[in-house]
**Q** 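I have a structure here, written as structure tokens, and I will follow up with some questions on it.
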Amino acid sequence: MSIIRKVSKILQNQNNLVRVYSLLVIFVIIIGIATLPLISYNENQLYPKSVDMKSPLNPYDRGGEPFEKAEVKAQYPENSRYLGYVTAYLTPFSLFISYNTLYAGTTIVSHPGGIIDEILYNTRGLDTIIETSILFIAFAIAMFLFRRNEKE
Amino acid sequence: MYELENINIEGQVVTFIPFGDIVGYLTPYTAILFIFAAVFTIIALISKPEKQVDIAFGGDAYYTKNVSVKQMRFQRFMAAACGLATMGGVLSGDVFNFTLFTAMVGITNIGIVASIKNRHILDNAYEYGILAMVGTLPLFAGAAIIVATTGTLSMWILFTPLVTVPLVAKLLLVIGVLAEGMAPVYVAKAEITRAPGAPFILMVHVSSLVLFLRVIEIVISM
Amino acid sequence: MILLYILFAVFAGLLFHGIHRKVIARIQTRPGPPIWQEILHVLKFSFKQTWIPKTASKILFMAIVAAVIAIWSGALYILISGGSLLIIFGVYLLHKITEHGLGLSSGSPYGKFGAIRSVISAASEIPLIASIAIIYLITGSLMISDITAYQASNGILLITAFPVAIAMYIIVLSKVPYSPFGIIEAKEIVSGNKTEHFGVWRAGLEVGFSIKTFVLLATFITLFIGAMPFWMLVLASLILLLTMSFVCAVTPMLSPYDAVTIQIAVIIIVIIYAGYLGVMG
Amino acid sequence: MKKTSIKAILAISAIICITAGLFALEGIIPEWLAAAVIVVSFPAFVISLGMYWKESDKEGDYPFVGY
């Protein structure tokens, strides 16, 4: 059996698919580690992030008072006319949590209306829409598969 | 207002669409991809699935497989979502936005074949789905390394010669799209092609190949 | 002007297919058909009774034929006007999609096998053609007009970028009829993905494929040898085709996954070459 | 499809192809626009030409399924 036959025998088995791909990823990561000295962190970040351990909204705290304007950086400010408004809008319940505990930030993702992030809604709104669309698609598939054996 | 600095690769910007910080654009190259994806999405929406002919072995008989209306509706919905995600990925002018659209294509591709009751196809769809999930790691890692080393995600800035994007980030992006769309060896995807519902199955290929074309353009330009 | 070019490319491409068949036959010591056989084929097909198979997905069945002609006419315009090489690369990939669609749309088992093989071969053909990105590393531009200008001053790319030329040669080779890599139209699956497209549909497909052959050969010549007058371009394409006819005549068709493996081996060579270019500056 | 509608498509696509080509030659419309128009109308021309010559009136049948 020639070497070509041997290689194609490995490649044509779909159970090896993830293994072959992992080899590819490992190869790229080795290149990445080898070129690590050439890569440096850029201090001048467009979306700066500082974690304030004292804030109850940590790590989601973008600064600014609710209903007031805050300093927010954007790549193209001319496209976001309401830049900086509604930096952190909290529902009354979330406001209550943030006044009384230090852990509102850890629960924000788990209850609705916790925080409306200005960066997401004004400057990167399209991302928010796609993220939720991906979730919806996943739910639609799961729902269809769950109910497909039901009789009408 | 927005201009690509290097027009040697794909020509001048024809039009742009600003969504806040995400400014999508079309050049002659991406416009062709966009039109192609749009045409095939429309075909998937308006055409009925084919009836696959199968031969019963051991005799002269053959029979046709019919796609049920319920299954066709779901496949059509997924094909439309897949087409929209593809068009979004082609239009996008932001690296993170592009990776999100790519991840969405990976999920809808599984959705298109998920409704088929055929063990062989589902086995392969499972392997392919695992790969699509594994592929999100290099995909988003690539975008993360780009934002860490350059401080921005906008392609308008990244395509200028002043900004250097590390090689590893480019490679990670490419192999991420490979896994979401076409897989290194394509074997599972080739078996998925056996599923009935040709106009919808075709969207699996349209989305992955068009996004591969787009990522090549992004990587060369960066 | 573009209309004349398209009409010329249709006839030149069909004639190329005929010459290709003739040369293969002569190498295999057969008389072979006359060189205008493929033109006669197209005429014959367009005068045949035509319908759409009952099991087919009708709109897809028809639209795919139009798509094949449309994308390659577009590629021809890009090649002549010296546009972006990326667009021709894109059209090549869109052609892969139409190949899948051709086979899937009819519902015939043979068409389906052709489509599956087309998907398998996409695994290696697509990364292979992506190696034209290396040309950007060398010339600093992907516009065909810039690449020919670069070759006029710095020597032809066939010599200076030999591994990429090999990759492109294999790409063009896998798209000519009777190629060792042409697994989608192997005889054991009748006519592969074209099986159910008969009559007018086949005539339309042959028109599209003839433009495709012409564009791919002319792209290779322009890309690796440089700009030349149009009649010389056609002549050089013909000589390139003759080399491919020799390869096709003396090699058997590979089994599907072996074709993929061989192409992957070429990809690895190209990647090593890219790494070498990157290290050397 | 009816023969008359095929005839109409054939005539319209042929006229569009030729006028686009002539207009580009005269410089009335830019060349890329002419190319785009021709790319869309040329396939319609080729297919409708064949259909005009010989399109069957009878319904389709089942595809070739082997010997």
Side-chain angles (χ1 to χ4, degrees), chain C residues 1-7 10 42-56 58 61-78 80-81 83 105-112 190-191 195-208 211, chain D:
Chain C
M1 270 320 260
I2 170 73
L3 199 60
L4 292 181
Y5 275 119
I6 291 175
L7 290 176
V10 170
V42 169
L43 286 176
K44 181 192 81 175
F45 279 131
S46 43
F47 280 113
K48 279 201 152 191
Q49 197 181 26
T50 303
W51 63 81
I52 300 173
K54 223 170 197 170
T55 55
K58 290 193 175 57
F61 190 87
M62 294 190 287
I64 276 300
V65 179
V68 172
I69 305 175
I71 55 175
W72 286 107
S73 323
L76 184 67
Y77 171 71
I78 298 297
I80 289 164
S81 64
S105 62
S106 65
S108 157
Y110 295 104
K112 193 172 70 178
V190 193
S191 296
T195 305
E196 288 305 329
H197 283 74
F198 59 98
V200 176
W201 314 119
R202 178 64 78 88
L205 282 182
E206 293 297 334
V207 167
I211 306 178
Chain D
M1 257 195 282
K2 287 210 181 73
K3 268 273 151 75
T4 47
S5 55
I6 288 171
K7 215 184 272 183
I9 294 173
L10 178 66
I12 291 169
S13 55
I15 291 168
I16 291 176
C17 270
I18 293 167
T19 41
L22 287 180
F23 275 26
L25 218 57
E26 294 289 317
I28 301 171
I29 53 171
E31 202 166 300
W32 63 265
L33 186 66
V37 169
I38 289 173
V39 160
V40 174
S41 57
F42 184 67
F45 171 72
V46 170
I47 292 172
S48 58
L49 183 67
M51 297 284 267
Y52 171 67
W53 278 336
K54 202 80 188 178
E55 207 240 349
S56 170
D57 298 326
K58 66 177 200 185
E59 228 183 293
D61 65 354
Y62 286 91
F64 176 64
V65 285
Y67 301 103

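Excluded from the calculations below are hydrogen atoms, water molecules and symmetry mates; all remaining heavy atoms, backbone and side chain alike, are included. In what follows, chains carry the letters A, B, and so on, assigned in the order in which the sequence lines appear, proteins first and then strands, with residues in each chain numbered from 1.
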**Q** Pick one of side chain, backbone, both or neither for Trp72(C), based on which atoms fall under 4.5 Å of a heavy atom in chain D.
**A**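 Neither the backbone nor the side chain of Trp72(C) comes within 4.5 Å of chain D.
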
**Q** Where on Leu76(C) is there a heavy atom nearer than 4.5 Å to chain D: the side chain, the backbone, both, or neither?
**A**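 Neither part, no heavy atoms under 4.5 Å.
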
**Q** Could you tell me which non-hydrogen atom of Val46(D) sits nearest to which non-hydrogen atom of Gly204(C), and how far apart they are?
**A**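 Of all heavy-atom pairs spanning Val46(D) and Gly204(C), the closest is CG1-CA, 4.1 Å.
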
**Q** Which bit of Ala70(C) comes within less than 4.5 Å of chain D, counting heavy atoms only: side chain, backbone, both or neither?
**A**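 It is both, since atoms from each part get that close.
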
**Q** For Ile18(D), which atoms come within 4.5 Å of any heavy atom of chain C: side chain, backbone, both, or neither?
**A**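 Both parts, heavy atoms under 4.5 Å.
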
**Q** So what's closer than 4.5 Å to chain C heavy atoms on Ile38(D): side chain, backbone, both or neither?
**A**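 Contact with chain C is through the side chain of Ile38(D) alone.
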
**Q** How long is the gap from CG on Leu7(C) to SG on Cys17(D), to the nearest 0.5 Å?
**A**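 That separation rounds to 8.5 Å.
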
**Q** Looking at chain C, which one of Ile47(D), Leu22(D), Val40(D) has the largest number of heavy-atom pairs inside 4.5 Å, strictly under?
**A**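 Top count of heavy-atom pairs under 4.5 Å with chain C: Ile47(D).
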
**Q** Would you mind checking which part of Leu205(C) comes under 4.5 Å of any heavy atom in chain D, side chain (CB onward), backbone (N, CA, C, O), both or neither?
**A**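 Neither part, no heavy atoms under 4.5 Å.
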
**Q** Could you state the interatomic distance from CD1 (Ile211(C)) to CZ (Phe42(D)), rounded to the nearest 0.5 Å?
**A**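 Here the rounded value is 5.5 Å.
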
